[in-house]
Amino acid sequence: MLSLAARSGAFSPYLSATSYAVAGQLKPLASGAVLHGEKVLLDVKRPFLSRETLSGQAAGGPLCATAGVNGPTTVRFLHSDVTVPEFSDYRRTEVADSKKSSRPSEEARKGFSYLVTGVTTVATAYVAKNVVSQFVSSMSASADVLAMSKIEVKLSDIPEGKNMCFKWRGKPLFIRHRTPREIEQEAQVDLSELRDPQHDLDRVKKPEWAILIGVCTHLGCVPIANAGDFGGYYCPCHGSHYDASGRIRKGPAPLNLEVPFYEFPADDLVIVG
């Protein structure tokens, strides 16, 4: 330590030359100070100040001085005159008094917040419900389509052994008046020979009436009635053969012709849909 102090004596002129001043943002520039013996030099044109005097100024005022051998010596001012913001103009009257409890005001504000939150939630749910209802109703069928959702057919207009085609929901509807021979023939078919096994009695409500949707289950073509190898329906597009019950017997179609929902309100009337 003594060796360091002895060696640093030769650098004292350089250390004195490296002192500089730091400008504060709120105060004017103060000159640098260099420690010299028991005194602190602020300016060569001003009288010397003792360390005690400078310490008293720093404690009682904004002045602060620092000195070091390995670094620059500076004098700066403390920013101790910054005012604290005042927010009393923005505070509520009921909470302005620090000695008075703010519990009643807090409860009132909580109740108001809960009320606003509840009303907003109910209003949002009501608006969302209307928006969803309007969106769903826009995708429903139009009035003319709903009017055709059901079709009534007078069965007495269809002679025995004939098939008539009607338009129902944009699809062909086959209504076939089967003969006793066709009924007996379809009832005797072995289910093990069928690709889509279904008994004839499971596909009809009255044996003499076979009601089917005339769309081939292969690629959606319309079969020809009273044609094919089994006397039922034949699709010439890809060669699918159906029997008089609408069951697939030959060709690429994987399933039987679809049976729609229908009912007989009278002996000579059927309602499909």
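Atoms considered below: every heavy atom in the structure, side chains included; atoms not considered: hydrogens, waters and symmetry mates.
- Taking CG of L257 as the start and SG of C216 as the end, the distance is 7.0 Å to the nearest 0.5 Å.
- In this structure, L212 and V259 approach most closely via the heavy-atom pair CD2-CG2, 3.8 Å.
- Of all heavy-atom pairs spanning P223 and Y242, the tightest one is CG-CE1, 4.5 Å.
- For the pair Y234 and S240, the minimum side-chain heavy-atom distance is 4.5 Å or more.
- Listed by first and then second residue, the salt bridge (charged side-chain N to carboxylate O under 4.0 Å, His left out) pairs involving residues 222-234 are D229-K250 (not counting sequence neighbours).
- Other residues sharing the hydrophobic cluster of Y126, ordered by chain and number and joined by side-chain separations under 4.5 Å: none, the residue standing alone.
- By the 6.0 Å and 45° rule, K206 stacks over the aromatic ring of F264.
- Residues C165 and L173 fail the side-chain proximity criterion, which asks for heavy atoms closer than 4.5 Å.
- Residues meeting the side-chain hydrogen bond (donor to acceptor under 3.5 Å, both in side chains) test with N256, sequence neighbours left out: D196, Q198.
- A chain of hydrophobic side-chain contacts below 4.5 Å, direct or via other Ile, Leu, Val, Met, Phe, Trp or Tyr residues, connects V222 to I211.
- Remark: D190 engages S192 in a side-chain hydrogen bond (donor to acceptor under 3.5 Å, both in side chains) (not counting sequence neighbours).
- At most 12 non-hydrogen atoms from other residues, nucleotides or ligands lie less than 6.0 angstrom from NZ of K171.
- No more than 12 heavy atoms of other residues, nucleotides or ligands lie within 6.0 Å of CZ in R181, so this atom counts as exposed by the packing criterion.
- Here the closest non-hydrogen pair linking A210 and R178 is CB-CD, 4.1 Å.
- Atoms NZ and OG1, from K162 and T179 in turn, are 11.5 Å apart once rounded to the nearest 0.5 Å.
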Can you give the donor-acceptor pairs under 3.5 Å from side chains of residues 111-120 to other protein atoms, not counting sequence neighbours?
from : atom 1 : to   : atom 2 : distance (Å)
S113 : OG     : R109 : O      : 2.9
T117 : OG1    : S113 : O      : 2.8
T120 : OG1    : V116 : O      : 2.7

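- For the salt bridge (charged side-chain N to carboxylate O under 4.0 Å, His left out) condition, the pairs that include at least one residue of residues 232-244, sequence neighbours left out, are D243-R247, D243-R249.
- Nearest heavy atom pair, residue P159 against residue H177, reads O-CB, 3.3 Å.
- Across all their heavy atoms, P265 and V270 have their closest contact at CD-CA, 4.2 Å.
- Qualifying ring pair (Phe, Tyr, Trp, His ring centres under 6.0 Å) partners for H199, counting only residues two or more places apart in sequence or in other chains: none.
- Membership of the apolar cluster around F135 extends to M139, as traced through chained side-chain contacts below 4.5 Å between ILVMFWY residues.
- Clustering ILVMFWY residues whenever any of their side-chain heavy atoms sit less than 4.5 angstrom apart, transitively, puts I183 in a cluster other than the one holding M164.
- Here F230 pairs with nothing under the ring pair (Phe, Tyr, Trp, His ring centres under 6.0 Å) rule; sequence neighbours left out.
- In this structure, V132 shares a hydrophobic cluster with V136, the cluster being traced through Ile, Leu, Val, Met, Phe, Trp and Tyr side chains under 4.5 angstrom apart.
- Residues V272 and F166 form no side-chain contact, since every pair of their non-hydrogen atoms from C-beta on lies 4.5 Å or further apart.
- In plain terms, the two heavy atoms of I248 and L194 that are nearest each other are O-CD2, 4.4 Å.
- Exactly one residue among D268, I175, N163 makes a side chain to side chain contact (heavy atoms under 4.5 Å, CB included) with I158. That residue is I175.
- In this structure N226 satisfies the side-chain hydrogen bond (donor to acceptor under 3.5 Å, both in side chains) test together with R176, sequence neighbours excluded.
- In this structure, L269 is not a member of the same hydrophobic cluster as V153, with clusters built from ILVMFWY side-chain heavy atoms closer than 4.5 Å.
- Applying the side chain to side chain contact (heavy atoms under 4.5 Å, CB included) criterion to K129, with sequence neighbours excluded, gives S133.
- Counting only heavy atoms from C-beta outward, the side chains of P172 and V215 approach each other to under 4.5 Å.
- Crowding of D202 atom CG: a count of heavy atoms from other residues, nucleotides or ligands under 6.0 Å exceeding 12.
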